[in-house]
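The block underneath contains the structure these notes are about, expressed in structure tokens.
These numbers were taken from a predicted model, which means no experiment stands behind them. A note on names: the letters A, B, ... follow the listed sequences, proteins ahead of strands, and every chain is numbered from 1.
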Amino acid sequence: MAQFTDEQLQRKIQEGFIVESEADMTETYKKALIGQLTVQGDTELISAPAYYMAARDAPSTNTMVSATAIIQDEMGHANIAYRLLQDLGVDTDYLLYDRPPEKFKNPFGFDQPLANWAELVTANALYDRAGITLLSDVHRNTSYGPLKRALVKVGMEENFHLRHGEVWMRRLCEAGGEGRDLVQRAVDWMFPMGVEWFGLPDDRKRHNAQLDFKLKGMTNDELRTTWMKAVVPLCEQLGIRVPAHSNEETGEVELEYELPIAWDPDDRVWLLDETITWDDVWERWRARGPMNEEFVDSVRRSRFQVESLLAA
Amino acid sequence: MGHLSGEHLYEIFARQKREDRLEHVGTISAPNAALARAYAWQTYDEQKWFEMVVAPRESFEAVNRDEEPFTLGPVEAR
Ligand SMILES: [Fe+2]
Ligand SMILES: [Fe+2]
């Protein structure tokens, strides 16, 4: 390692250099890449038990097939991210099976229970949209060749998840009555989760190695805006209320509350008027949501039992 | 590495149509070739492949470079 300095590597990357192996990296680059891949792998992995919790509410064998196909895709995506981490010398057995659950880096939204079919499809439309927003930016811009190539498969499958979510949201909304109410209630708590998905605003996060080394192309605020420009018009079309609207004159989407906002974990509602600080948000993220331990446990609980069978 | 995560890395190659060239599509870790075939087929199911094959990474022979296969990352001694 270290055949380049950070400045040299950044310059080469800006000129189009693609990093292919550890020998091309600096320590800073490698650390930033490992951080990015860990968030990616953990988010994909924990989406599986989260979606599975709601998939048990699938209304038919057909819908169960499409829900479990999505879960299978997510496990595959997690596998790909962890495989890339292994190539960087990361002990993924530790990450998967020994790491304390609170150290998993999935967003707060995936620490929450998904209670029914309407919540599953809304998650597909909102959270998988967040995934596509982040990963398609990485795919377009990343300087790490192995990741760029691996994301071709992931992108194809994520688009299927998104379509599944949007088609089903529409079906439930068009049915009206209880179906529409369930979608509205799901969007009420999931929309601000999605807004928060993209992390700290740009004015709070000045230096960013992921941008310097082109591990991604867009800033947090740019990614958040891209996501809102897809999600808000969808909700407007469906007649689902969101605390944001499209401004027809500017073509922009405007949030109707001031970030960040407080989350009431008991009633599971956002307090849109209660302005808090980003430090408070950090605290909430660090304290984790109600399903954190259970979701992590669900992907590891049988590991050591089967291991002992094989060793016998 | 334990029994479940497997001791070997397998590189996965596939082509979509019979006239396509075989391309590297991914990597899987498995304890043996039979499981590597199963894992590869289940995990990389984004296309209806005409053909898919797996090969252990450690079987790669470098032709013109001294180090390990360049784009596949370092082989770990396991
Ligand atoms: Fe995914
Ligand atoms: Fe997905």
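Contact of the B:Val25 side chain with the A:Arg149 side chain is not registered, since no non-hydrogen atoms from C-beta on lie closer than 4.5 Å. Side-chain atoms of A:Asn79 and B:Ile28, non-hydrogen and from C-beta on, do get closer than 4.5 Å to each other. Using a 4.5 Å heavy-atom cutoff, the side chains of A:Glu157 and B:Asp45 are in contact. Considering only heavy atoms from C-beta on, A:Lys153 stays 4.5 Å or farther from B:Gln47 through its side chain. Under the 4.5 Å side-chain criterion, counting only non-hydrogen atoms from C-beta, B:Leu9 is in contact with A:Gln86.
Within 6.0 Å of atom NZ in A:Lys148, more than 12 heavy atoms from other residues, nucleotides or ligands are found, so the atom counts as buried in its surroundings. The environment of B:Met52 atom CE is dense: over 12 non-hydrogen atoms of other residues, nucleotides or ligands sit within 6.0 angstrom.
The CG atom of A:Asp87 lies 4.5 Å from the CZ atom of B:Arg57; values are rounded to the nearest 0.5 Å.
A:Glu293 is linked by a salt bridge (charged side-chain N to carboxylate O under 4.0 Å, His left out) to nothing, counting only residues two or more places apart in sequence or in another chain. Looking at residues two or more places apart in sequence or on another chain, you find a side-chain contact (heavy atoms from CB on, under 4.5 Å) between A:Arg301 and A:Asp297, A:Ser298. Taking A:Ala230 as the reference, A:Arg129 meet the side-chain contact (heavy atoms from CB on, under 4.5 Å) condition, with sequence neighbours excluded.
Heavy-atom proximity under 4.5 angstrom to chain B picks out A:Gln72, A:Asp73 from residues 40-73 of chain A.
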